[in-house]
Amino acid sequence: MKGEAGHMLHNEKSKQEGHIWGSMRRTAFILGSGLLSFVAFWNSVTWHLQRFWGASGYFWQAQWERLLTTFEGKEWILFFIGAIQVPCLFFWSFNGLLLVVDTTGKPNFISRYRIQVGKNEPVDPVKLRQSIRTVLFNQCMVSFPMVVFLYPFLKWWGDPCRRELPTFHWFLLELAIFTLIEEVLFYYSHRLLHHPTFYKKIHKKHHEWTAPIGVISLYAHPIEHVVSNMLPAIVGPLVMGSHLSSITMWFSLALIITTISHCGYHLPFLPSPEFHDYHHLKFNQCYGVLGVLDHLHGTDIMFKQTKAYERHVLLLGFTPLSESIPDSPKRMQ
């Protein structure tokens, strides 16, 4: 009997290892194929944009050279402005607009797109103030020092303030690589933070918001902010030795996307936040950004059985998806 039990345990362990390795192989295949496909077809997709970029390239190059002349010998100040202040300006401008809706419920043409109806109507002001203080702490005491610390490494690898701006095609390649790196690092670091060892002491803070709002995208324990928020975004530019212009656009875009993912509103013509909103609701589903690794590892199975999955599309009209694809009566009760 003991021999049979040991044999069964060995077989079960072998199956689990085989499943993990199979998932990793599928992950590498899909991500690699996606990158190759992107490289193969981007010339046709971006032809018109390239024409615009080429026509305006001399203008932007001239403006960049003017900035370099202004900050000559003090390029680190230019780096600080581009890598920290500009992305933060985008973050707080966008979240400032969302906070008006979160705290007042108005205007109705935005609040009607709320995903979790009945939640945060309006948001708890005490909880909100405490969250904003944490976000500001993370930005000032964690993000800023990390980005400043990044500068000498970028300068050694490839000066981020070099004179020549990147081409449009090169920036698109960088953007694709940044996105893939962020997906991999965020997914696995995020799943690690859901391990009982780390969840209670670190990640639980972020999950205090079961119905998220935009500004809490950076509401996290400082350790989580380093491991799961900052590193996935920083590694790409560091690996590529990116120009400051690419870094500024990537950091700004990353902050806008994570704000949309947490905003709690499925707004027309913007990426769907249903995926990550469901993660905050259920905790053990939808760990990634793109959803590719969730599909490969089976961490979106429950999500795919819900109405939220049906609503996880780009809204191209003005009728809220909560009305056109409502939850089942059982859940609504």
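- Counting only N and O atoms by type, the side chains of His280 and Thr210 include no donor and acceptor under 3.5 Å apart.
- Side chains of Thr299 and Tyr187: a donor on one and an acceptor on the other come within 3.5 Å.
- Enclosure of atom CH2 in Trp92 by more than 12 non-hydrogen atoms of other residues, nucleotides or ligands within 6.0 angstrom is indicated.
- Remark: the backbone N or O of Val289 is paired with a side-chain donor or acceptor of Glu183 at under 3.5 angstrom.
- Exactly one residue among Lys106, Arg112, Arg114 makes a salt bridge (Lys or Arg N to Asp or Glu O under 4.0 Å) with Glu121. That residue is Arg114.
- Val123 is connected to Leu136 through a chain of hydrophobic side-chain contacts under 4.5 Å among Ile, Leu, Val, Met, Phe, Trp and Tyr, so both are in one cluster.
- Between the side chain of Trp64 and the backbone N or O of Arg162, at least one donor-acceptor pair lies under 3.5 Å.
- How far OG1 of Thr69 is from CD of Glu72: 6.5 Å, rounded to the nearest 0.5 Å.
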Steps toward side chain to side chain contact (heavy atoms under 4.5 Å, CB included) verdict (Leu314, Ser272): CA-CA 6 Å; Leu314 181 66; Ser272 167; over 6 Å; no
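- The six-membered or imidazole ring of His206 lies away from that of His225, with a centre-to-centre distance of 6.0 Å or more.
- Of the options Glu182, Met240, Glu174, a side-chain contact (heavy atoms from CB on, under 4.5 Å) to Trp250 is made by Glu182 and by none of the others.
- A donor-acceptor pair shorter than 3.5 Å cannot be found between the side chains of His195 and His203.
- Closest approach of Val147 and Phe79 over heavy atoms only: O-CE2, 3.4 Å.
- Under a 3.5 Å cut-off, the side chain of Arg311 and the backbone N or O of Glu274 do not form any donor-acceptor pair.
- Placement of Met141 and Val135 in two distinct hydrophobic clusters is found when ILVMFWY residues are connected by side-chain heavy-atom separations under 4.5 Å, directly or transitively.
- Of all non-hydrogen atoms in Val142 and Pro145, the two that sit nearest each other are O-CD, 3.3 Å.
- Residues His243 and Ser245 have side chains that bring a donor and an acceptor to within less than 3.5 angstrom of each other.
- Heavy-atom minimum distance, Leu281 versus Gln116: CD1-OE1, 3.6 Å.
- Closest non-hydrogen pair, Leu293 versus Val184, comes out as CD1-CA, 3.8 Å.
- For the atom pair CD1 of Ile247 and CG of Leu154, the computed distance is 4.5 Å after rounding to the nearest 0.5 Å.
- Here Lys205 does not pair with Glu224 in a salt bridge; the nearest charged N to carboxylate O distance is not below 4.0 Å.
- Put simply, OG on Ser93 and CG on Leu98 are 11.0 Å apart, with the number rounded to the nearest 0.5 Å.
- Of the N and O atoms on the side chains of Glu65 and Trp60, not one donor lies less than 3.5 Å from an acceptor on the other residue.
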Leu128 and Tyr219: CA distance, side-chain angles, deciding distance, side chain to side chain contact (heavy atoms under 4.5 Å, CB included) verdict: CA-CA 10 Å; Leu128 176 62; Tyr219 175 68; over 6 Å; no
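- Between Pro273 and Tyr265, every side-chain heavy-atom pair lies at or beyond the 4.5 Å cut-off.
- Of the possible donor and acceptor atoms, none in the side chain of His262 sits under 3.5 Å from a partner among the backbone N and O of Ile213.
- Heavy-atom minimum distance, Leu244 versus Cys161: CD2-SG, 4.2 Å.
- Considering only heavy atoms from C-beta on, Trp157 stays 4.5 Å or farther from Leu238 through its side chain.
- Follow the hydrophobic side-chain contacts under 4.5 Å out from Phe94 and you never reach Phe91; the two are in separate clusters.
- Tyr113 and Asn108 share no side-chain donor-acceptor pair at under 3.5 Å.
- Val239 is connected to Phe251 through a chain of hydrophobic side-chain contacts under 4.5 Å among Ile, Leu, Val, Met, Phe, Trp and Tyr, so both are in one cluster.
- Using a 4.5 Å cut-off on side-chain heavy atoms (C-beta onward), Ser131 and Thr134 make no contact.
- Under the 3.5 Å distance criterion, the side-chain polar atoms of Asn138 are matched with a main-chain donor or acceptor of Ala220.
- For the atom pair CG of Asn120 and OG of Ser111, the computed distance is 12.5 Å after rounding to the nearest 0.5 Å.
- Ring geometry for His276 against Phe186 counts as tilted: the plane angle lies between 30° and 60°, on a 0 to 90° scale.
- In the model, Tyr287 has no side-chain atom that pairs as donor or acceptor with a side-chain atom of Arg191 under 3.5 Å.
- Counting non-hydrogen atoms of other residues, nucleotides and ligands closer than 6.0 Å to CD of Glu323 gives a total above 12.
- Here the CD1 atom belonging to Ile234 is positioned 12.0 Å from the CZ atom belonging to Phe178, to the nearest 0.5 angstrom.
- Remark: the Glu75 side chain and the Tyr151 side chain contain no N/O donor-acceptor pair separated by less than 3.5 Å.
- Following chains of ILVMFWY side-chain contacts shorter than 4.5 Å, one cannot reach Leu255 starting from Leu89, and the two form parts of different hydrophobic clusters.
- Here Leu218 contributes atom CG and Gln139 contributes atom CD; the two are 5.5 Å apart, rounded to the nearest 0.5 Å.
- Side-chain contact check for Lys304 and His295: at least one donor-acceptor pair (N or O, by modelled atom type) lies under 3.5 Å.
- Annotation: His312 is in aromatic contact with Phe303 [ring centroid separation under 6.0 Å].
- Between Trp76 and Pro152, every side-chain heavy-atom pair lies at or beyond the 4.5 Å cut-off.
- Taking 4.5 Å as the limit, some side-chain heavy atom of Leu99 sits within range of a side-chain heavy atom of Asp102.
- Checked against the 6.0 Å centroid criterion, the rings of His194 and Phe283 do not qualify as a close aromatic pair.
- For OH of Tyr309, the number of neighbouring non-hydrogen atoms (other residues, nucleotides, ligands) closer than 6.0 Å is 12 at most.
- Put simply, the side chain of Phe71 reaches to within 4.5 Å of the side chain of Ile81, judged on heavy atoms.
- Taking the six-membered ring where the residue is Trp, the centroids of Phe318 and Phe269 are separated by under 6.0 Å.
- Residues His221 and Phe198 keep their aromatic ring centres 6.0 Å or farther apart.
- Look at Asp277 and Lys119 and you find no salt bridge, because none of the NZ, NE, NH1 or NH2 atoms lies under 4.0 Å from a carboxylate O.
- The shortest non-hydrogen separation linking His266 to Val313 is NE2-O, 2.8 Å.
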